[in-house]
Amino acid sequence: MGEYFNVAEVFGKYVFNDTVMQQRLPKKVYQRLKECIKSGADLDPDTADIIAHEMKEWAIDQGATHYTHWFQPLTGVTAEKHDSFISSPDERGKVLMSFSGKELIKGEPDASSFPSGGLRATFEARGYTAWDCTSFAFVRHDAAGATLCIPTAFCSYTGEALDQKTPLLRSMEAINQQSLRLLRLFGNTTSTKVSPSVGPEQEYFIIDQKKYRQRKDLIFTGRTLFGAMPPKGQELEDHYFGAIRPRIAAFMKDVNEELWKLGVPAKTQHNEVAPAQHELAPIFETCNIAVDHNQLIMEVLKKVANRHGLQCLLHEKPFARVNGSGKHNNWSLTTDDGVNLLEPGKTPHENVLFLLILTCIMKAVDRHADLLRESAADVGNDLRLGADEAPPAIISIFLGEQLEDVIAQLVSEGEATRSIEGSILDTGVKWLPEFEKDATDRNRTSPFAFTGNKFEFRMVGSKDSISEPNIVLNTIVAEAFSEACDELEQADDFEAAVQHLIKKQAIEHQRIIFSGNGYSDEWKEEAARRGLPNIASMVDAIPALASEKAVALFEKFHVFNRAELESRMEIQYETYSKEMNIEARTMIDIANRDIIPAMVHATKDLAESVSMIKDIPDCDCSVQTNLLRELCELLKDTKEALNRLEVAASHGADMTPGRDQAVFYRDVVKKAMYGLRLPVDQAELMIDKNTWPMPTYGDLIFEV
């Protein structure tokens, strides 16, 4: 039997949460902090000092010796600089443990080497971190000891966002303001805040760490750049939701325990479709907290895997020809008094507020499909999207039979008078319990699907921050709400105006609704007829960031200014080129140092075998001869493909960073990489396993 573990007792053990603050802070200080969180007002210095002191004392009780402002630069991962709590020694050589309100609220890490896209030069080093008091501080235990981590935003000396959190918080305020405008029009005077609520499902692969360390491509790029498929892949679908193997179960147990102590509400775990692939999903949380917690989830998955002699792979496509990993971003809107604005009720055709919100979201997604697609753009995601395993690159909305029927009524009849109801599920087995099934099925090929009382954006890459997609979702929906309020606030007959607006938006944006097979060629043709964009690659998605439409949108709601958007576009192009360059150079290194020597060794052994056998009377050596000829041909093809890749990669690296360089890497270097992989993967199937210089796919995904 394992050690007894009471989740309720340990949940949030290492979090300076509301319960801890109530216990440790003076009542007036606690109330002042809560008021500041609610109103967005600044903390006065005296209050900040008291909070900082109590936070420090609590952290020391948890074993902390250092604190850090934990922030999210434009690298996709988190960043931190650690400072100890000690102050200057006194005349006796003694030190005190101190932490001031100023140190809590503001940090100055400079951090000038992070991507800024031209927002600041390297010599303009001053960068600030600012405490996000809506996201609880926590103590993290690792090899460095215990560290108090304070979630923060990160901005430049001129106030421009250098991170993922600052624009996220701005977008949350935009959706809050416009949602409240909408609610007031419908007579709601009790709700004082509307927050986007998010639950991201995290997919990942787990492989043996010893085998991982024998694969330079996995180490340097996160994915395999070579590798032939084993005789069995995921064809039998026997891994999906199957029994979790003991070694993985032990790993998952430790992951859950560590996450629960950090206040992360890890809820669901299971085997995913591909061998060695798994999923972890938390309970819904307020958007910025969900973003912070998803970063913690990824960090904990990697750290705990290492303790178990395993390696967690978060790349979207670590193995070619088996399903890759995504991160389904479940998004809804919730009031501070517990109302989910995306809850349709039993008769959605009668729920006017819901129908208005629904058609506003249709409008937002239709108008800004390119931005939503860009928010999931990633080098690894290019290998996954549209590959019959993930949503297609075409943005569409799946509403389900019930809501689609309501929209159809609005379009054809001018009003909705009925809603399809759920029926009793008949299993045909009389001793199984009867229960009411939902009024609609789901569609796993849809990139943006309504699933009961939320929308599930299924495009996000598994290793990416969920910040950007939520920034886009919050802002585009805020815009649609704002325009609806502008119209309705001027109406003489509110009820008639609402009905007219719902119908108008349903008619104008019905093209975005699709309930069929998103993987089919027929849908690509139909989407083109409808005028929906099909943006296949990250390089083609990037320009949407700084289009005039995007600039007008983000500047209107003070989420980004033009300079911030243009900087992010520049960073995206540079990131694409850098990642592709690393992959190309890694392929060149492996081919030169490992694969070609292995192929030469194999041909030498075969040649010696042929030479020995052909001198034996009546001994047929045609098989060995043919194998030698075939392997020599593959060696020749490999060397020629390697030469082409070396030339292409060298040219790409010499180009000026920007769109042209990224296009070259996508169109020329990527093609050359594929050309090198083909003969190498064929050779792997011919060469003695003991001679092949790296673990095979079979070794990696089946032997855990």
Side-chain angles (χ1 to χ4, degrees), residues 12 15 17-18 21 33-41 72 130-136 151-153 164-186 188-200 263-265 267 281-296 328-344 353-354 356-358 360-361 364 375 450-457 460 465-482 484-485 554 557-559:
V15 183
N17 55 30
D18 196 69
M21 286 190 285
L33 175 61
K34 297 295 285 186
E35 288 168 6
C36 290
I37 291 173
K38 187 173 183 179
S39 66
Q72 299 171 34
W131 178 33
D132 173 14
C133 59
T134 64
S135 184
F136 297 134
T152 58
Q164 303 278 21
K165 172 160 281 193
T166 303
L168 178 69
L169 295 173
R170 294 170 182 170
S171 74
M172 290 173 65
E173 182 55 27
I175 192 72
N176 171 52
Q177 290 179 0
Q178 302 310 318
S179 298
L180 287 176
R181 280 181 72 191
L182 204 62
L183 290 178
R184 296 294 181 259
L185 286 169
F186 281 82
N188 181 325
T189 59
T190 57
S191 300
T192 60
K193 189 173 185 179
V194 176
S195 300
S197 184
V198 174
V264 180
K267 174 74 172 176
I283 297 171
F284 278 64
E285 298 179 283
T286 304
C287 187
N288 63 313
I289 297 173
V291 170
D292 287 353
H293 281 175
N294 184 249
Q295 292 289 348
L296 276 177
H328 300 174
N329 188 87
N330 295 282
W331 179 90
S332 63
L333 293 171
T334 309
T335 68
D336 57 346
D337 46 1
V339 178
N340 183 346
L341 299 184
L342 293 185
E343 178 58 62
L353 175 59
F354 170 77
L356 178 59
I357 290 172
L358 178 66
C360 281
I361 292 173
S375 75
F450 187 77
T451 53
N453 58 6
K454 56 185 170 61
F455 276 99
E456 183 180 25
F457 184 41
V460 187
S465 166
I466 58 170
S467 224
E468 190 177 351
N470 285 297
I471 291 168
V472 171
L473 273 173
N474 295 341
T475 311
I476 65 176
V477 174
E479 179 191 51
F481 285 0
S482 174
C485 291
F554 288 121
F557 295 100
H558 309 291
V559 174

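Values reported hereafter were calculated over all heavy atoms of this structure, with side chains retained and with hydrogens, waters and symmetry mates removed. Just so it is clear, the model here is predicted, and its values are computed rather than measured.
Inter-residue side-chain proximity for Met21 and Leu33 is flagged as met; some heavy-atom pair is nearer than 4.5 Å. Side-chain contact between Asn470 and Ser171 is absent, with no heavy atoms from C-beta onward closer than 4.5 Å. Put simply, the side chain of Asn188 does not reach to within 4.5 Å of the side chain of Leu182, judged on heavy atoms. Counting only heavy atoms from C-beta outward, the side chains of Thr190 and Thr335 never approach each other to under 4.5 Å. Within the 4.5 Å cutoff, side-chain heavy atoms of Pro265 are placed close to those of His293. In this structure the side chain of Asn329 reaches within 4.5 angstrom of the side chain of Val198, judged on heavy atoms. Using a 4.5 Å heavy-atom cutoff, the side chains of Ser195 and Asp336 are not in contact. For the pair Phe450/Ile361, no side-chain contact is recorded, criterion being any heavy-atom separation below 4.5 Å from C-beta on.
Summarising the geometry, atom CG belonging to Leu169 is positioned 9.0 Å from atom CD1 belonging to Ile471; distances are rounded to the nearest 0.5 Å. Atoms CZ and CG, on Phe284 and Asn340 in that order, are 8.5 Å from each other to the nearest 0.5 Å. To the nearest 0.5 Å, the span separating OG on Ser375 from CD on Glu468 amounts to 5.5 Å. Here the straight-line distance linking atom CG of Leu342 with atom OG1 of Thr334 works out to 8.0 Å at 0.5 Å rounding. Separating the SG atom in Cys287 from the CG atom in Leu168 is a distance of 4.5 Å, to the nearest 0.5 Å. Here the CG atom belonging to Leu473 is positioned 11.0 Å from the OG atom belonging to Ser332, to the nearest 0.5 angstrom.
For the side chain to side chain donor-acceptor pair (under 3.5 Å) test, residues two or more places apart in sequence or in another chain that qualify with Asp292 are Gln72, Ser135, Lys165. Checked against side chain to side chain donor-acceptor pair (under 3.5 Å), Lys34 has the following partners two or more places apart in sequence or in another chain: Asp18. Taking Phe481 as the reference, nothing meets the ring-ring contact (aromatic ring centres under 6.0 Å, His included) condition, with sequence neighbours excluded.
What you find for Gln178 and Ala478 is that their closest heavy atoms are CG-O, 3.4 Å. Across all non-hydrogen atoms, the minimal contact from Ala153 to Thr166 is CB-OG1, 3.2 Å. Pairing each heavy atom of Ala364 with each of Ala480, the nearest pair is CB-CB, 4.2 Å. Minimum interatomic distance between Phe354 and Leu341 (heavy atoms only, all atoms of both residues): CD1-O, 3.9 Å. Between Ile466 and Pro200, the shortest heavy-atom contact is CD1-CG, 3.7 Å. Here the closest non-hydrogen pair linking Ser179 and Leu333 is OG-CD1, 4.3 Å.
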Start with the C-alpha distance between Val477 and Ile175, add both sets of side-chain angles, then the distance that settles side chain to side chain contact (heavy atoms under 4.5 Å, CB included), and finish with yes or no.
-> CA-CA 7 Å; Val477 174; Ile175 192 72; 3.7 Å; yes
Evaluate side chain to side chain contact (heavy atoms under 4.5 Å, CB included) for Met172 paired with Asn288, printing each intermediate quantity in order.
-> CA-CA 8 Å; Met172 290 173 65; Asn288 63 313; 3.4 Å; yes
Are Val291 and Ser465 close enough, and set up right, to give a side chain to side chain contact (heavy atoms under 4.5 Å, CB included), and what steps lead you there?
-> CA-CA 7 Å; Val291 170; Ser465 166; 4.2 Å; yes
